[in-house]
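What follows is one structure encoded as structure tokens, with my remarks underneath.
Values in this document were obtained by computation on a predicted structure and should not be read as measured data.
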Number of protein chains: 2
Amino acid sequence: MAEKKENIARLIVVLPMFMGALMKGSNFETAVQLNSSEARSLIYIYKHEGGTMSEYSKRVGLARGSFTAVADSLEEKGLVARVSASDDRRKCALMLTGSGKKIAREIDLQFKRHLAARLESLSGEDLSSLEKSLKVIAAISEKL
Amino acid sequence: MAEKKENIARLIVVLPMFMGALMKGSNFETAVQLNSSEARSLIYIYKHEGGTMSEYSKRVGLARGSFTAVADSLEEKGLVARVSASDDRRKCALMLTGSGKKIAREIDLQFKRHLAARLESLSGEDLSSLEKSLKVIAAISEKL
DNA sequence: ATCTAAATGTTAGAATTCTAATCATTGTGC
DNA sequence: GCACAATGATTAGAATTCTAACATTTAGAT
């Protein structure tokens, strides 16, 4: 039990490098120029529309305050709109505009292509175990 | 094959949240105050002493230029020393000082404790599969 | 040998992100 | 109903990180 946790502690630290290796050189070419946080946020909003600021900041891995800036930028660029949530006047929900959806689809496609290229060197077996491992982590992440 | 990669692309985006959930609230209490990059770097250097700046920057997930600042800070705080590598005069290797080793051990211990607390809510089964998944990712990360 | 290209580490300035304080709204206990 | 804590979002300033350009050294080609 304790040993498992120690191993996990030891292994956790490779994730930044893993992310770095996968994301490296992913410059999205879209009509509107977005940085990586904006792109990530846009995709997440696209797939889970209508969430609140706090929700998104957690999912995207940013501090709440930081996500405000990202949302501002996406709004200025005409990709999302803040909508007041009816049930709680503190909250605001984010909705995509038409062009927001369009750009999100573009980025999504480009990201898939980018990743496919990055994973080129892996065998089919590696891909399967990577897929399975990520599923496990995603599931566990929900429980934390 | 293509579907596996698409799944991986879809799942990859949960990693920032996963990292955020695990690291949240990990304030190390040591004689010398370190930010999270410095702490992470110090531990990595502790476990792989004598590497070069570029190596470490890659492992820790920082741009080379950013790691220079981290190394500067660690050096100013008396925890590491830049040593010129004999084989290539461009390179410099990082070595820990005595107090660097001491602090590294402290942080390592505190990090383990922090993570153990964070993983409290998981079952033994979850811990096992998480451990296994991270091993897979670490191995695959080496191949990228 | 010499020229060119690549790799290593650094620097400066811009961009991004964090932290802590704040405002507005909601929930709780009395 | 009223004080008071808790939550959602924002803000400003500080801290962190990135990008692009640079100097130095090495490797490769001719």
Side-chain angles (χ1 to χ4, degrees), chain A residues 15-17 19-28 32-42 44-45 50-77 80-95, chain B residues 15-17 19-28 32-42 44-45 50-77 80-95:
Chain A
L15 289 184
M17 179 173 70
M19 293 285 285
L22 286 184
M23 298 307 181
K24 188 176 183 182
S26 65
N27 289 328
F28 302 114
V32 192
Q33 191 63 16
L34 301 179
N35 68 31
S36 62
S37 284
E38 291 165 355
R40 215 147 31 91
S41 301
L42 187 65
Y44 192 86
I45 298 169
T52 70
M53 304 288 286
S54 292
E55 256 178 75
Y56 290 132
S57 71
K58 210 172 294 173
R59 295 288 173 172
V60 173
L62 289 177
R64 275 201 317 271
S66 311
F67 189 76
T68 294
V70 171
D72 286 348
S73 173
L74 290 176
E75 198 168 21
E76 273 172 26
K77 291 169 180 168
V80 310
R82 283 177 168 86
V83 181
S84 63
S86 54
D87 61 328
D88 186 334
R89 283 198 297 173
R90 287 169 303 182
K91 298 182 187 175
C92 67
L94 293 185
M95 303 297 284
Chain B
L15 288 185
M17 179 174 70
M19 294 284 284
L22 286 185
M23 300 304 180
K24 189 176 183 183
S26 65
N27 289 327
F28 301 115
V32 192
Q33 191 64 14
L34 300 178
N35 67 32
S36 63
S37 286
E38 291 165 354
R40 216 147 30 91
S41 302
L42 187 66
Y44 192 86
I45 298 169
T52 70
M53 302 289 287
S54 291
E55 256 177 75
Y56 290 132
S57 72
K58 210 171 292 170
R59 296 290 173 170
V60 174
L62 289 178
R64 266 177 322 164
S66 311
F67 188 76
T68 293
V70 172
D72 285 348
S73 172
L74 290 177
E75 200 169 21
E76 273 172 27
K77 290 169 182 170
V80 309
R82 284 176 168 86
V83 180
S84 64
S86 54
D87 60 327
D88 186 333
R89 284 198 294 173
R90 288 169 303 183
K91 297 182 184 174
C92 65
L94 293 186
M95 303 297 284

Could you check which of D/dT11, C/dA24, C/dT8 has an atom nearest any side-chain atom of A/Thr68? D/dT11

At under 4.0 Å, does any side-chain N or O of A/Ser66 touch on OP1 or OP2 of C/dT16? no

d(CG, A/Asp72; C1', C/dT16) in whole Å: 14 Å

Would you indicate, yes or no, if D/dT7 has its OP1 or OP2 atom less than 4.0 angstrom from a side-chain nitrogen or oxygen of A/Ser54? no

Strand contacts (DNA chain C) in residues 55-63 of chain B, 4.0 angstrom heavy-atom criterion: none

Tell me the interatomic distance from A/Leu94, atom CG, to D/dA9, atom C1', rounded to whole angstroms. 11 Å

Please figure out whether B/Arg64 or B/Arg40 has its closest DNA chain D nucleotide nearer the 5' end. B/Arg40

Nearest-neighbour nucleotide for the A/Asp88 side chain, D/dT11, C/dG9, C/dT25 considered: C/dT25

Drop me the distance from B/Lys24's NZ to B/Leu22's CG, to the nearest 0.5 angstrom. 11.5 Å

Rounded off to whole Å, could you give me the CG-to-P distance for the B/Asn27 and C/dC18 pair? 14 Å

Mind telling me whether B/Tyr56 and B/Tyr44 have parallel, tilted or perpendicular rings, with 30° and 60° as the class edges? perpendicular

Side-chain donor/acceptor of B/Arg90 to base of C/dA7, under 3.5 Å: yes

Check whether any side-chain nitrogen or oxygen of A/Thr52 sits under 4.0 Å from OP1 or OP2 of D/dA9, and answer yes or no. yes

Between the two ends of the helix from C/dA1-D/dT30 to C/dC30-D/dG1, what is the bend in degrees, rounded to 10 degrees, where each end axis spans five pairs? 40°

How many Å lie between CE on A/Met53 and P on C/dT25, as a whole number? 17 Å

Is it true that atom NZ of B/Lys77 has more than 12 heavy atoms of other residues, nucleotides or ligands lying nearer than 6.0 Å? yes

Is it true that B/Arg82 and B/Asp72 have a side-chain N and a carboxylate O under 4.0 angstrom from each other? yes

Hits for salt bridge (charged side-chain N to carboxylate O under 4.0 Å, His left out) against A/Arg59, two or more places apart or cross-chain, chain-then-number order -> A/Glu142

When you measure from the side chain of A/Asn35, which nucleotide among C/dG9, D/dA9, C/dT16 comes out closest? C/dT16

Among C/dG9, D/dT25, D/dT10, the one nearest any side-chain atom of B/Arg89 is D/dT25

